[in-house]
J.: 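Take a look at this one; I'll ask things after.
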Amino acid sequence: MPELPEVEVCRLGISPHIINQQVTKVVVRNASLRWPIPESVQKITGQVVQSVERRSKYLLLRFSTGTLLIHLGMSGTIRVIEADIAVAKHDHFDLVFAHGKALRLNDPRRFGAVLWFENHIDEQGLLTKLGPEPLSDDFNYGYLFEKAKNRKVPIKTFLMNNQVVVGVGNIYANEALFKAGILPTVKACDISEKRYDRLTDIIKSVLSAAIKQGGTTLKDFTQADGRPGYFAQSLLVYGRAGQECFTCKTTLLEVRQSNRSSVYCPSCQLP
DNA sequence: CCCATGTCCTGGTCGC
DNA sequence: TGCGACCAGGACATGG
C-alpha cells in the first residue's frame with residue numbers, strides 16, 4: 001500500500017539492518033512481478049549493501065557493481081526477518097545476509113518490481129522522466145503554478161502525475177486538497193499562485209507527518225518490523241465519503257477521476 | 001458483482 | 001498534414 005511515506009518508512013526501517021551487510025544468497029520464488037525478476041540479480045551474491053536510497057517510490061539498494069531497484073506496487077511489503085522463518089504465501093523474493101537475517105518481499109498483487117542495473121540505473125527509463133521530490137527544495141513556491149500553465153486536467157489528477165511531482169498518490173492527494181481548501185475537480189491552470197504556494201506547504205507537511213507516524217496502514221502495509229503505520233487515524237477525507245466533515249459537519253462527497261476515487265467536502269473545498 | 005495504496009502503455013484530441 | 005503535448009482509460013493479479 002505504498003505512497004511516498006510508506007516507502008520512506010520502509011527505507012528507514014530496513015537500512016540499519018542491511019547497510020554494510022554481505023548478501024550470501026538471492027532467492028527468487030516467483031519471478032513474475034510487473035516485469036520478470038532478471039536472472040542477473042544472482043550477481044548480488046557476495047556483495048555488500050553500500051546504501052539504501054529512495055527516488056519517488058523506488059527503493060535503490062546500492063552495491064559496488066550496480067543497483068537493485070525495488071518497487072512495492074499496490075500491495076508490496078518488505079520486512080527484515082530471521083532468514084529461517086517459514087515462507088508465507090506471496091513471499092516472492094529474499095536477500096539473505098551473512099548475519100542470518102533476510103530482506104523478504106511479499107506482494108499479493110504482483111504489481112511490484114525487482115530489477116538489477118549495472119552502471120546505468122536508467123536502462124529501463126523508469127527514473128528519467130520523474131518530477132521533483134516533494135520534500136526537496138526543487139519542489140518550491142512557484143513550481144506548481146508554472147507547471148500548471150495551460151494544463152486543463154483536474155488538480156487532483158495533476159498532483160498524481162509523477163512528471164509533475166513524485167510520491168503523491170491517491171490518499172495524500174485527497175488529504176492535501178482538503179487541507180488546502182481546493183476542490184479536486186478544478187482545472188490545474190485555474191488555480192492562483194498563492195493557492196499553489198499554500199498547497200505546496202501542505203503537501204510537504206502531510207507527507208512529513210505521515211512518515212513520522214509510520215505511514216498509513218489500510219489493509220496490508222506494515223513497517224519493516226511488522227508494526228502497522230498510524231497515519232490512517234489522521235485521515236480527514238480519504239475513505240470517509242458519506243461521513244461528516246470534521247470541520248463543518250457537511251457530508252463528504254465522492255467522485256471518480258481518472259479511475260480513482262476522490263473524496264471532498266463541498267463546503268470547505270472551493271473552485 | 002463491487003472496490004482497492006501504482007503506473008506503463010495505447011489511442012484519441014488538440015494546438016501550432 | 002505532421003508533430004508533439006496532453007489526457008482518459010485499460011491493463012496487470014489478488015483479496016476483501
Side-chain angles (χ1 to χ4, degrees), chain A residues 1-10 29-37 54-59 69-78 88-93 105-115 122-131 134 146-176 184-190 206-207 210-211 213-223 228-235 237-242 254-263:
Chain A
M1 56 124 46
E3 294 188 31
L4 185 145
E6 290 73 46
V7 179
E8 182 65 9
V9 166
C10 176
R29 296 188 195 82
N30 184 350
S32 56
L33 303 187
R34 181 178 191 124
W35 302 285
I37 300 176
R54 180 189 57 72
R55 171 68 173 119
S56 186
K57 296 167 191 167
Y58 298 98
L59 284 169
L69 175 152
I70 300 175
H71 195 285
L72 301 176
M74 290 272 273
S75 59
T77 53
I78 284 179
K89 198 174 182 183
H90 309 304
D91 282 345
H92 305 310
F93 178 83
L105 171 69
N106 182 286
D107 184 4
R109 247 163 278 173
R110 289 193 275 125
F111 288 178
V114 175
L115 297 169
D122 232 341
E123 284 162 63
Q124 202 141 347
L126 294 177
L127 306 181
T128 43
K129 295 179 192 168
L130 295 176
E146 284 300 316
K147 197 81 177 172
K149 282 185 175 165
N150 301 317
R151 303 291 290 270
K152 299 187 182 80
V153 73
I155 179 62
K156 162 84 175 340
T157 308
F158 183 69
L159 286 183
M160 291 179 66
N161 182 341
N162 281 335
Q163 294 183 36
V164 174
V165 58
V166 302
V168 182
N170 202 34
I171 296 174
Y172 299 112
N174 277 301
E175 294 301 305
T185 47
V186 179
K187 289 178 189 170
C189 60
D190 288 344
V206 168
L207 295 178
I211 291 169
Q213 293 177 52
T216 299
T217 291
L218 296 183
K219 291 187 181 68
D220 40 24
F221 173 75
T222 57
Q223 303 182 62
Y230 296 102
F231 195 72
Q233 301 163 19
S234 307
L235 297 176
V237 289
Y238 180 85
R240 298 194 62 246
E254 183 166 12
V255 290
R256 300 288 296 179
Q257 296 180 283
S258 298
N259 251 339
R260 312 303 294 269
S261 70
S262 302
V263 185

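Per chain, numbering begins at 1; letters A, B, ... match sequence-line order.
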J.: May I ask you to verify if any side-chain N or O of A/Arg260 is less than 4.0 angstrom from the OP1 or OP2 atom of B/dG6?
T.: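 Answer is yes, contact under 4.0 Å.
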J.: Can you find a side chain N or O atom of A/Lys152 that sits less than 4.0 Å from OP1 or OP2 on C/dC7?
T.: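 Negative; the distance criterion is not met.
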J.: Atom CG of A/Leu115 and atom C1' of B/dT7: how far apart are they, to the nearest Å?
T.: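 That distance rounds to 14 Å.
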J.: In whole angstroms, how far is the C1' atom of C/dT14 from the NZ atom of A/Lys89?
T.: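 Between C1' of C/dT14 and NZ of A/Lys89: 8 Å.
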J.: With side chains defined as the heavy atoms from C-beta onward, is the minimum distance between A/Ser258 and A/Met160 less than 4.5 Å?
T.: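 When only atoms from C-beta onward are counted, A/Met160 and A/Ser258 do not touch, as no gap falls below 4.5 Å.
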J.: Of the listed nucleotides (B/dT7, C/dG15, C/dA13), which one gets closest to any side-chain atom of A/Phe111?
T.: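 Given the options B/dT7, C/dG15, C/dA13, the side chain of A/Phe111 is closest to C/dA13.
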J.: Both distances under 3.5 Å, Watson-Crick or G-U wobble: on that basis, could you give the dot-bracket string for DNA chain C, with [ ] for crossing pairs and | for other-strand partners?
T.: .|||||||||||.|||
J.: Quick one: A/Asn161 CG to C/dG9 P, roughly how many Å, whole number?
T.: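 Spelled out: CG on A/Asn161 to P on C/dG9 is 16 Å.
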J.: Which of the following nucleotides, C/dA13, B/dT7, B/dC8, is nearest to the side chain of A/Lys57?
T.: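 That would be B/dT7.
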J.: Specify the separation, in whole Å, of atom CD of A/Gln257 and atom P of C/dG10.
T.: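 To the nearest whole Å, that distance equals 16 Å.
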J.: Just the rounded figure in Å: distance from P of C/dC6 to NZ of A/Lys147.
T.: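 Interatomic distance, NZ of A/Lys147 to P of C/dC6: 8 Å.
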J.: Could you state the atom-to-atom distance from CE of A/Met74 to P of C/dG16 in whole Å?
T.: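 Interatomic distance, CE of A/Met74 to P of C/dG16: 15 Å.
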J.: Find the distance A/Asn30:CG to C/dC12:P and express it as a whole number of Å.
T.: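 These atoms are roughly 17 Å apart.
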J.: Between C1' on B/dC8 and CG on A/Leu33, what's the gap in Å once rounded to a whole number?
T.: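 It works out to 15 Å between those atoms.
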J.: Between B/dA4, B/dG6, B/dC8, which one does the side chain of A/Trp35 approach most closely?
T.: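 When the side chain of A/Trp35 is considered, B/dC8 is the closest of B/dA4, B/dG6, B/dC8.
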J.: Hey, could you give me the CD1/CD distance between A/Ile211 and A/Glu6, rounded to the nearest 0.5 Å?
T.: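 Spacing of CD1 (A/Ile211) from CD (A/Glu6) equals 9.0 Å.
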J.: Within less than 4.0 Å of OP1 or OP2 of B/dC8, is there a side-chain N or O belonging to A/His71?
T.: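 A/His71 to B/dC8 OP1/OP2: no side-chain N or O under 4.0 Å.
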J.: Mind checking if A/Asn162 touches a base, just sugar-phosphate, or nothing, with heavy atoms under 4.0 Å?
T.: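 Answer is sugar-phosphate: A/Asn162 comes under 4.0 Å of backbone atoms only.
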J.: Could you tell me whether the phosphate oxygens of C/dC7, OP1 or OP2, come under 4.0 Å of any side-chain nitrogen or oxygen in A/Thr157?
T.: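 For C/dC7, OP1/OP2 do not have a side-chain N/O of A/Thr157 under 4.0 Å.
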J.: Got A/Ile155 and A/Asp190 here, is their nearest side-chain heavy-atom distance under 4.5 Å?
T.: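 Answer no - side chains too far apart.
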J.: C/dA8, B/dC8, C/dG15: which one has an atom nearest the side-chain heavy atoms of A/Leu126?
T.: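 The listed nucleotide nearest to A/Leu126's side chain is B/dC8.
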J.: So what does A/Arg151 touch, heavy atoms closer than 4.0 Å: a base, only the sugar-phosphate, or nothing?
T.: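 Touches sugar-phosphate only.
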J.: Reckon A/Arg256 has a side-chain N or O less than 4.0 Å from the OP1 or OP2 of B/dA4?
T.: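 Answer is yes, contact under 4.0 Å.
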J.: Has A/Arg110 got a side-chain N or O lying under 4.0 Å from the OP1 or OP2 atom of C/dT14?
T.: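 Result: yes.
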J.: Could you give me the CA-CA distance, side-chain angles and deciding distance for A/Cys189 and A/Asn150, then say whether side-chain contact (heavy atoms from CB on, under 4.5 Å) is met?
T.: CA-CA 6 Å; A/Cys189 60; A/Asn150 301 317; 5.8 Å; no
J.: With respect to the phosphate group of C/dG10, does any side-chain polar atom (N or O) of A/Asn259 fall under 4.0 Å of OP1 or OP2?
T.: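 For C/dG10, OP1/OP2 do have a side-chain N/O of A/Asn259 under 4.0 Å.
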J.: Measure the spacing between CG of A/Asn162 and CG of A/Leu130 and express it to the nearest 0.5 Å.
T.: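 Reported to 0.5 Å precision, the distance equals 6.0 Å.
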J.: One pair to check against side-chain contact (heavy atoms from CB on, under 4.5 Å): A/Arg34 and A/His71. What are the steps and the verdict?
T.: CA-CA 9 Å; A/Arg34 181 178 191 124; A/His71 195 285; over 6 Å; no
J.: Could you please spell out the steps behind the side-chain contact (heavy atoms from CB on, under 4.5 Å) verdict for A/Lys156 and A/Asn170?
T.: CA-CA 9 Å; A/Lys156 162 84 175 340; A/Asn170 202 34; 2.8 Å; yes
J.: Start with the C-alpha distance between A/Leu4 and A/Arg54, add both sets of side-chain angles, then the distance that settles side-chain contact (heavy atoms from CB on, under 4.5 Å), and finish with yes or no.
T.: CA-CA 9 Å; A/Leu4 185 145; A/Arg54 180 189 57 72; 3.2 Å; yes
J.: Which comes earlier along DNA chain C counting from the 5' end, the contact point of A/Ser32 or that of A/Asn150, where each point is its nearest nucleotide?
T.: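 Nearest nucleotide further toward 5': that of A/Asn150.
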J.: Which part of the nucleic acid, if any, lies within contact of A/Phe158, taking any heavy atom under 4.0 Å across all strands shown: a base, the sugar-phosphate backbone alone, or nothing?
T.: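 It contacts nothing in the nucleic acid.
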